Asks: 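Got a structure for you, questions after.
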Amino acid sequence: MADFKRLPGFRDFPPEDLALRAHVFDAWRRVAIRYGFREYDGPPVEPLDLYVEKSGEEIVGQLYNFEDKGGRTVSLRPEMTPSLARILGDRSRGMAKPIRWFTIPQLFRYERQQRGRLREHYQWNVDIVGEESAAADAEVLAVAIDGLRELGLGVDDFRARVSDRRLLTALLGAVGVQDDRLPAAFAVIDKIERMPEDKARGRLLDEVDLDDAGADRLRALLECSSLTELRNQFGERDAVRDALAPLEEYAAILDAMGMGDFVKLDLKIVRGLAYYTGIVFELFDAQGELRAICGGGRYDRLLELVGGEPLPAVGFGMGDVVLGELLAERDLVPPYRPHVDYFLVVIGQEQRSHALGIATRLRAQGRSVAYPLRDQSVRKQFKAAENEGARTVLVLGPDEAAEGIVVARDMATGQERRIAPDALE
RNA sequence: GUGGGCGUAGCUCAGUCGGUUAGAGCGCCAGGUUGUGGCCCUGGAGGUCGCCGGUUCAAAUCCGGUCGCUCACCCCA
């Protein structure tokens, strides 16, 4: 037999692993629905151009793309937002705003795998489309935070780091970055935490055209985590003051929701994707050991770019891989326990049709029922019942048949009672 | 794409200064009379030691390549 291997970067989900995935998906769904979001989905394969033209060139090198049999250049979806924009582009004009949608797609990227990053993952996407106020940004972050809390994670386990591209743009102007150096500045800031100090300084001087004093001012600025301090320091500049207002509203809303402790201003959060336009955020484990658990922000131009109604939008994506690692680290993975309500121990082939009748009736009532598919010793049948996680074993033998009852054994306590089959529920 | 580490039963691993038929625990299968699970006892299946090649009388063990996993870089959902 040929030796078929799983493709690199893909996962199998035997029942014990699927249980964790289902546990996470269930929590995500409950929270999204609790916040009034509706579930949607789209195709896992899209035209390549949807990503090439709309997400920025940076994403293209890692697409899982190919030519289909009709000669179309297509790609497995690497993220959901362009699909959302495309789907809404066709129909948003007729829809009441704001649109609150969520989905849990499987996404694909062709790149070398490492911890927390495979060639596929599932990602909870939650978006509000058609509302430009900071209230929508706050609502979306609240969903992300509650999604993690629903899984048992708390303020000691993760934090949201929040920034705003408009604010950062205004502040960069205030410390002396020229307009045409802004993209370079964003690129450096996005990576600045992962760079040694001298390399960061070198790039600020060379690529962002700052002088030493400017670089110092920028470094100090990036460490600031207080909106009040920013207002005190830069509030006389109109651009900064205008950009601070939505963030202040945002922070106030999250405080009112009791989530203020989870949220921290961090101007070093830029997010790679080119389509973000406003508030951006990432969720990290509190230890800072893992990759980001979640990232999102405002992308007010994307729908228009794919030819739809010009609508503001904000949303996030939360992947299952890093989250699974964090849950495992915090001992929050529920133990896998198979379970059936009833297991039938059948003594003697002549009892089999009787057993099938009982099983069928219980199943029709919604109970889960299993039994051995061939004649086996009672001892073996009880072992099988144990393995199946049976809550109750029903013993059906000649003695019981003669009396018109079954013996029902509670597997946890060992207690047995005699009961008429019709009385089972 | 670049570099480092690792690759022995389904799982976790032992075994390498090269030397008879490669081991353990767990799991799996069968049995301990078809009337009772967990504990226990007995027996069994299961490995071309990732793959290919080289060195050698002899390779799981040394060497080269390759694939896979993993970590870092790159990049980021």
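First the proteins, then the strands, lettered A, B, ... as listed; each starts at 1. Note that this is a predicted model, so its numbers are computed, not measured.
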Asks: Give me the distance, rounded to whole Å, that separates B:rA22 from B:rU8 when you measure between the C1' atoms they each carry.
Replies: 8 Å

Asks: With a 4.0 Å cut-off on heavy atoms, is A:Val345 in touch with a base, just the backbone sugar-phosphate, or nothing at all?
Replies: nothing

Asks: I want to verify a distance call: between B:rG35, B:rG37, B:rC75, whose nearest atom is closest to the A:Ile347 side chain?
Replies: B:rG35

Asks: For the P atoms, the ones on B:rA24 and on B:rG47, what distance do you get once it is rounded to whole angstrom?
Replies: 15 Å

Asks: Any side-chain heavy atom of A:Arg109 within less than 4.5 Å of one from A:Tyr64?
Replies: no

Asks: Is it the case that the side chain of A:Arg159 and the backbone of A:Asp285 share a donor-acceptor pair, with hydrogens and angles ignored and the cut-off at 3.5 Å?
Replies: no

Asks: Measuring to OP1 and OP2 of B:rG37, would you say a side-chain N or O of A:Lys380 lies under 4.0 angstrom away?
Replies: no

Asks: Please report the distance, rounded to the nearest Å, between CZ in A:Arg119 and P in B:rC76.
Replies: 18 Å

Asks: How far, in whole Å, is B:rG23 from B:rG15 if one measures between their P atoms?
Replies: 15 Å

Asks: Just how far, in rounded Å, is P of B:rG27 from CD of A:Glu16?
Replies: 15 Å

Asks: Starting at NZ of A:Lys383 and ending at P of B:rA30, how long is that distance when rounded to a whole Å?
Replies: 10 Å

Asks: Report yes if a donor N or O on one partner sits less than 3.5 Å from an acceptor N or O on the other, where the partners are the side chain of A:Gln381 and the base of B:rU36; otherwise report no.
Replies: no

Asks: Have a look at A:Gly317 and say if it touches a base, only the backbone sugar-phosphate, or nothing, with a 4.0 Å heavy-atom cut-off.
Replies: nothing

Asks: Rounded to whole angstrom, note down the C1' distance from B:rA59 over to B:rG5.
Replies: 23 Å

Asks: So which nucleotide does B:rA72 pair with, by the Watson-Crick or G-U wobble rule with both distances under 3.5 Å?
Replies: B:rU2

Asks: For A:Gly414, which contact category applies under a 4.0 Å heavy-atom criterion: base, sugar-phosphate, or nothing?
Replies: base

Asks: C1' atom, B:rU12 versus B:rU66: distance in rounded Å?
Replies: 27 Å

Asks: B:rG37 C1' sits how many Å from A:Tyr342 OH, rounded?
Replies: 18 Å

Asks: So what does A:Gly319 hit on the nucleic acid, given a heavy-atom distance under 4.0 Å: a base, only sugar-phosphate, or nothing?
Replies: nothing

Asks: Tell me which nucleotide among B:rU36, B:rC75, B:rG35 gets nearest to the side chain of A:Arg409.
Replies: B:rU36

Asks: Please work out whether the ring planes of A:Trp28 and A:Trp124 are parallel, tilted or perpendicular, with thresholds of 30° and 60°.
Replies: parallel

Asks: Contact class for A:Gly389 (heavy atom, under 4.0 Å): base, sugar-phosphate, or nothing?
Replies: nothing

Asks: Using the side-chain contact (heavy atoms from CB on, under 4.5 Å) definition, which of the options A:Val143, A:Asp127, A:Ile33, A:Asn125 pairs with A:Phe102?
Replies: A:Ile33

Asks: With both distances under 3.5 angstrom, what nucleotide forms a Watson-Crick or G-U wobble pair with B:rG18?
Replies: none

Asks: Identify which one of A:Leu327, A:Leu20, A:Leu151 satisfies the side-chain contact (heavy atoms from CB on, under 4.5 Å) criterion when paired with A:Leu332.
Replies: A:Leu327

Asks: State the pairing partner of B:rU66; accept Watson-Crick or G-U wobble contacts with both distances under 3.5 Å, and report none otherwise.
Replies: B:rG50

Asks: Considering only side-chain heavy atoms of A:Pro8, which listed nucleotide, B:rG68, B:rA30, B:rC76, is closest?
Replies: B:rG68

Asks: Nearest whole Å is fine: how far is B:rG1 P from A:Leu63 CG?
Replies: 16 Å

Asks: NA contact type, A:Leu107, heavy-atom cut-off 4.0 Å: base, sugar-phosphate, or nothing?
Replies: nothing

Asks: Let me know the distance between CD of A:Glu403 and C1' of B:rG35, rounded to the nearest Å.
Replies: 14 Å

Asks: If the P atom of B:rC52 is compared with that of B:rG31, how far apart are they to the nearest Å?
Replies: 38 Å

Asks: Is the side chain of A:Asp341 donor-acceptor paired with the backbone N or O of A:Ser368 at a distance under 3.5 Å, no angle test?
Replies: yes

Asks: Side chain of A:Asn387, heavy atoms from C-beta onward: which of B:rU36, B:rC40, B:rC28 has the nearest atom to it?
Replies: B:rC28

Asks: Between B:rG35, B:rC76, B:rG37, which nucleotide has the shortest distance from any of its atoms to the side chain of A:Glu400?
Replies: B:rG35

Asks: Please give the distance between the P atoms of B:rC26 and B:rC39 as a whole number of Å.
Replies: 10 Å

Asks: Measure from CZ on A:Phe343 to C1' on B:rU36 and round the result to the nearest Å.
Replies: 12 Å

Asks: Does B:rA9 pair with anything, Watson-Crick or G-U wobble, both distances under 3.5 Å, and if so, with which nucleotide?
Replies: none

Asks: Which part of the nucleic acid, if any, lies within reach of A:Leu118 when heavy atoms closer than 4.0 Å are counted: base, sugar-phosphate only, or nothing?
Replies: base

Asks: Taking only the C1' atom of each, what is the distance from B:rG19 to B:rA58 in whole angstrom?
Replies: 7 Å

Asks: Pick the closest RNA chain B nucleotide for A:Ala412 and for A:Val395 by heavy atoms, then say which residue is nearer the 5' end.
Replies: A:Val395

Asks: Which listed nucleotide (B:rU36, B:rG35, B:rG38) is nearest to the side chain of A:Phe382?
Replies: B:rU36

Asks: Tell me which nucleotide among B:rC75, B:rG38, B:rG35 gets nearest to the side chain of A:Asp399.
Replies: B:rG35

Asks: With both distances under 3.5 angstrom, what nucleotide forms a Watson-Crick or G-U wobble pair with B:rA30?
Replies: B:rU42

Asks: Taking the six-membered ring of A:Phe284, is the NZ or CZ of A:Arg161 close enough (under 6.0 Å from the centre) and on axis enough (within 45°)?
Replies: yes

Asks: Is NZ or CZ of A:Arg77 both nearer than 6.0 Å to the six-membered ring centre of A:Phe108 and within 45° of the ring axis?
Replies: no

Asks: In this structure, how many angstroms lie between the P atom of B:rG35 and the CG atom of A:Leu344, rounded?
Replies: 18 Å

Asks: Heavy atoms under 4.0 Å, any strand shown: does A:Arg77 hit a base, just sugar-phosphate, or nothing?
Replies: nothing

Asks: Paired with B:rU36: which nucleotide, if any, by Watson-Crick or G-U wobble criteria at under 3.5 Å for both distances?
Replies: none

